[in-house]
Amino acid sequence: MKIGVFGAGQLGRMLAQAGERLGMEFRFLDPATEISARGLGEHLCAAYEDVDALEQFVRGLDVVTYEFENVPCEPVRWVAERVPVHPAPEALRLAQDRLFEKNFFQKHGIPVPPYGAVFFKDEYRELLQTIGFPLVVKTRRYGYDGKGQRTVRNQEEAERAWKDLHGLPLLLEGHVPFERELSLLAVRGQGGECRFYPLVENHHRDGILRLSRAPAADVPAVLQSRAEEYARRLLEEVQYVGVLAIEFFQHGEELLANEMAPRVHNSGHWTIEGAETSQFENHLRAITGMELGSTAPKGTSAMVNLIGIKPDGRSSDGLPPAHWHDYGKSPRPGRKLGHVTLVREALEVLEEDLPSFLEIAETVL
Ligand code: AMP
């Protein structure tokens with residue numbers, strides 16, 4: 001099987017690492033010269049819209065996927081006319097715009113915070129009134145890792161946010177006083193079979209994921225099944241094939257959807273060592289029509305992102321055992337350079353071992 005991937009960042013890298021074990025080959029299309037997936041397949045270094053490059057990209061491929069949700073939809077559709085593309089380009093279109101995404105959730109009965117789209121100042125003023133403070137102003141497109149968004153608590157902050165973000169289509173949404181953030185990783189195979197990983201608890205700082213714990217502690221069965229039911233509706237609606245991640249805010253026993261990612265997700269990296277089948281392998285199994293693997297956790301896991309910090313040689317520093325991942329990127333502040341995963345049988349042991357890793361990652365939660 002030869003698989004084409006739009007994007008060659010760390011998600012592409014980990015997909016290819018999982019695929020190697022399944023005997024798969026990879027070809028990446030990514031305009032960056034320095035790529036994380038280096039050495040794991042062919043790299044076509046060209047713009048996503050470059051038709052000559054696209055012609056070359058699709059040649060001899062069995063299936064195409066994407067690891068980056070800001071790939072423009074047009075080239076993905078162009079490719080889909082020639083080679084099967086999973087997940088369907090429609091899922092990509094929905095996930096690229098926060099308004100489409102929120103409408104999609106709402107249409108399928110999935111709770112969301114109050115929201116609305118604005119472009120002009122008078123619309124902004126009106127919606128500030130309707131939703132009320134505190135609220136969050138977000139750009140509809142190209143927002144990730146907390147970029148392009150401001151929390152607004154009063155009129156003064158509202159003016160500042162307008163100054164910074166106006167001129168772009170915006171989404172306003174009520175600030176949710178959530179107890180915690182959870183995500184669900186779901187996978188749907190070509191025959192329609194769905195499997196779900198246990199809900200993951202996520203901790204962000206400055207809008208960037210710092211720590212994921214899986215399975216999330218104290219999740220009543222009703223919450224897990226609610227999340228699965230929500231995911232199933234979305235997967236079936238677009239005849240989705242592959243891994244889908246949905247981020248939720250937990251408020252009591254309610255789950256409010258924040259966003260979805262039509263791809264493997266950072267909050268699923270723990271599955272590489274902490275689950276029977278990793279999200280990467282299950283994504284590949286799904287898109288190539290293989291049977292899905294078990295999503296059962298192997299124990300209790302914690303995944304710590306290394307942001308601006310190189311994982312080199314850290315594992316030998318007399319720390320408890322852990323799985324270190326280096327994405328092979330050059331260091332830059334705020335950049336995800338790797339992650340480390342701890343898997344333990346007992347939660348108490350995990351609690352004991354985790355603080356030294358958070359310290360290395362300079363993660364204060
Ligand atoms: P996003 O880019 O939408 O994933 O937002 C990044 C982070 O900002 C989330 O993980 C939350 O921690 C926070 N956030 C985003 N939207 C809201 C909201 N409506 N209410 C409270 N916190 C939010």
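Keep in mind the model is a prediction, meaning the values are calculated, not measured. Just follow the structure's listing: the first ligand is 1, and inside any ligand the first atom is 1.
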task = State which residues pass salt bridge (Lys or Arg N to Asp or Glu O under 4.0 Å) with E156; sequence neighbours excluded, sorted by chain then number.
result = R160
Taking 4.0 angstrom as the limit and counting only heavy atoms of [X], give me the atoms of ligand 1 inside it, by number and element.
X: E173; answer: 16 (N), 17 (C), 18 (C), 19 (N)
X: V136; answer: 17 (C), 18 (C), 19 (N)
X: E181; answer: 9 (C), 10 (O), 11 (C), 12 (O)

inquiry  = Ring centres under 6.0 Å, that's the criterion: do F119 and H166 meet it?
reply    = no
Close approach of G174 to ligand 1, heavy atoms, under 4.0 angstrom =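 Yes, G174 has a heavy atom closer than 4.0 Å to ligand 1.
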request  = Considering only NZ, NE, NH1 and NH2 on the basic side and carboxylate oxygens on the acidic side, decide whether K138 and E173 come within less than 4.0 Å.
outcome  = yes
task = Give a yes/no verdict on a cation-pi contact between R263 and Y66, requiring under 6.0 Å between NZ or CZ and the six-membered ring centre and an angle within 45° of the axis.
result = no
inquiry  = Please verify the inter-ring angle class for W270 with Y197; under 30° counts as parallel, over 60° as perpendicular, anything in between as tilted.
reply    =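 Geometry flag for Y197 against W270: perpendicular rings.
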request  = Could you name the option among A261, G207, P114 that has the heavy atom nearest to atom 7 (C) of ligand 1?
outcome  = G207
query = Who gets closest to atom 6 (C) of ligand 1 by heavy atom: Q149, K138, H204, E247?
reply =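 Among Q149, K138, H204, E247, the closest heavy atom to atom 6 (C) of ligand 1 comes from Q149.
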request  = Report the part of N258 (side chain from C-beta onward, or backbone N, CA, C, O) that has a heavy atom under 4.0 Å from ligand 1; answer both or neither where that applies.
outcome  =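 Looking at N258 and ligand 1, just side chain atoms fall under 4.0 Å.
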ask   = Would H86 and Y240 satisfy side-chain hydrogen bond (donor to acceptor under 3.5 Å, both in side chains), going step by step from the backbone distance to the final call?
value = CA-CA 7 Å; H86 297 301; Y240 194 98; over 6 Å; no
